[in-house]
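As the structure is a prediction and not an experimental result, all values here were calculated from the model.
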Amino acid sequence: MKSDARVLLCAGGLSVAVPGELAGLAEAHKEFGKLPWATLIQPVIRLCREGFPVTRHLSICIAEERQSLVYEPSLRYSSIPFITINLHPHFWVVRKRLLNPETKRPYREGEIMRRPDLARTLEQIAIDGDDAFYSPECSNFSRTFLKEIQNAVYRMPAGSLITADDLKEYQAQWKEPLKVSLGNLTLLSASLPGSGALLAFILQMATRGGVDPLDSGDPVLGYHRLMEYFKFAYARRQLLEDSQDPRVLKVELDHRLISQFHNVHL
């Protein structure tokens with residue numbers, strides 16, 4: 001059960017909440033946008049249609065994660081066996097986003113990847129705005145999304161609990177940015193549930209005493225310390241909560257993560 005719990009934290013439908021990026025972008029456009037919404041989306045639609053070169057990093061990620069990605073139903077492309085990957089016998093499928101259709105193998109660095117499905121999704125968003133995602137009663141796209149994340153998938157204990165009502169009721173919120181002093185500088189970053197608090201913690205650790213860990217004269221020790229700062233920060237992520245009560249938020253930020261007390265004692 002503990003093993004299942006760890007898996008659920010990082011993969012599958014239970015690892016995510018209602019996606020808010022699209023709602024946030026739409027809200028920002030309403031407040032500050034000058035160009036039409038559809039005009040802003042056209043360049044990325046064109047990029048998905050025409051393709052883009054696969055970077056070295058992306059090719060490495062595809063190669064390293066193919067064993068887990070191959071079981072993701074939303075990547076399924078039916079009927080044609082793909083024997084280069086060691087598939088479960090019930091999953092004889094080609095993964096259209098992982099495989100180059102010209103070579104029938106995972107994309108490699110420098111090859112051109114196209115995302116026609118994403119292009120179609122973005123074209124719908126360009127027409128309907130964020131309603132294309134947050135209005136399941138009139139959007140095939142959002143109904144498909146809910147169906148995919150709610151269904152339990154191979155090697156995942158359970159699907160998502162997100163419902164159509166959750167999508168309809170979701171609203172982007174305006175929040176004050178996180179404000180943290182860093183010596184004679186001030187950091188302004190995303191408040192919770194964003195990772196601004198983690199960034200602040202890392203930077204406070206890295207700059208305490210006015211010493212850059214990478215300028216310590218020992219690059220190995222410097223990188224080791226920097227990795228430790230990241231490790232401590234992300235270990236404390238579970239101590240934070242996305243509370244609407246500003247008193248709770250202040251306690252969480254000031255006393256659990258970015259306080260000078262933690263900087264001194266870690």
Side-chain angles (χ1 to χ4, degrees), residues 9-10 12-49 52 74 115-150 159-180 186-203 233-234 237-254 257-258:
L9 288 174
C10 59
L14 291 178
S15 67
V16 296
V18 175
E21 182 175 0
L22 179 58
L25 291 173
E27 186 69 17
H29 180 260
K30 292 174 186 175
E31 185 73 16
F32 305 111
K34 297 183 182 301
L35 294 175
W37 171 260
T39 301
L40 295 175
I41 303 177
Q42 286 307 314
V44 71
I45 293 175
R46 185 169 60 253
L47 188 67
C48 291
R49 290 278 183 205
F52 53 90
S74 65
R115 300 291 303 276
D117 287 348
L118 180 56
R120 286 191 290 271
T121 297
L122 292 173
E123 286 168 346
Q124 194 63 47
I125 291 173
I127 296 171
D128 297 332
D130 58 340
D131 283 342
F133 183 74
Y134 298 102
S135 298
E137 70 277 4
C138 59
S139 170
N140 289 329
F141 165 54
S142 56
R143 287 196 292 269
T144 301
F145 166 78
L146 287 171
K147 181 179 179 180
E148 287 183 351
I149 65 172
Q150 288 171 353
S160 174
L161 302 179
I162 297 174
T163 66
D165 287 339
D166 293 326
L167 293 184
K168 288 188 291 186
E169 294 172 4
Y170 186 86
Q171 292 183 338
Q173 298 178 346
W174 292 91
K175 290 186 176 182
E176 289 295 321
L178 178 66
K179 185 176 181 179
V180 179
T186 299
L187 170 70
L188 296 175
S189 189
S191 183
L192 295 175
S195 296
L198 302 182
L199 174 63
F201 178 86
I202 292 168
L203 291 177
Y234 281 90
R237 191 178 211 168
Q238 61 184 336
L239 301 178
L240 301 177
E241 63 176 273
D242 181 23
S243 174
Q244 298 304 308
D245 186 336
R247 295 169 298 176
V248 175
L249 181 60
K250 177 175 175 55
V251 169
E252 292 290 333
L253 292 178
D254 287 352
L257 189 61
I258 61 174

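With sequence neighbours excluded, no residue forms a side-chain hydrogen bond (donor to acceptor under 3.5 Å, both in side chains) with Lys30. Take Ala172 and apply the side chain to side chain contact (heavy atoms under 4.5 Å, CB included) test, not counting sequence neighbours, and it matches Ala23, Glu27.
Between Ala200 and Leu178, the shortest heavy-atom contact is CB-CD2, 4.3 Å. Counting all heavy atoms, side chain and backbone alike, Thr186 lies closest to Lys179 at CG2-CG, 3.7 Å. Shortest non-hydrogen contact noted between Ala233 and Phe201 is CB-CD2, 3.4 Å. When all heavy atoms are compared, the tightest approach of Tyr134 to Val18 is CE2-CG1, 4.3 Å. Residues Leu22 and Phe133 share a closest heavy-atom pair of CD2-CB, 3.6 Å. Residues Ala132 and Gln124 come closest through the heavy atom pair CB-O, 4.0 Å.
For the atom pair Ile202 CD1 and Ser195 OG, the distance stands at 9.0 Å (nearest 0.5 Å). With rounding to the nearest 0.5 angstrom, the CD atom of Glu176 is 10.0 Å from the CG atom of Leu188. Taken from CD1 in Ile41 to CG in Leu35, the straight-line distance is 12.0 Å, to the nearest 0.5 Å. With rounding to the nearest 0.5 angstrom, the CG atom of Leu118 is 10.0 Å from the CD atom of Glu123. Taken to the nearest 0.5 Å, the CG atom of Leu25 stands 5.5 Å off from the CH2 atom of Trp37. If you take OG1 on Thr144 and CD1 on Ile149, they are separated by 11.5 Å, rounding to the nearest 0.5 Å.
Other residues, nucleotides and ligands place more than 12 heavy atoms under 6.0 Å from the CD atom of Glu31.
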Open item on the list: Please determine whether side-chain contact (heavy atoms from CB on, under 4.5 Å) holds for the pair Arg143 and Leu146, giving the CA-CA distance in whole Å, both sets of side-chain angles, and the decisive distance to 0.1 Å.
Closed with: CA-CA 5 Å; Arg143 287 196 292 269; Leu146 287 171; 5.7 Å; no
- [ ] Show your working on side-chain contact (heavy atoms from CB on, under 4.5 Å) between Thr121 and Asp117 and close with a plain yes or no.
- [x] CA-CA 6 Å; Thr121 297; Asp117 287 348; 5.6 Å; no
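Contact of the Arg49 side chain with the Pro116 side chain is registered, since non-hydrogen atoms from C-beta on lie closer than 4.5 Å.
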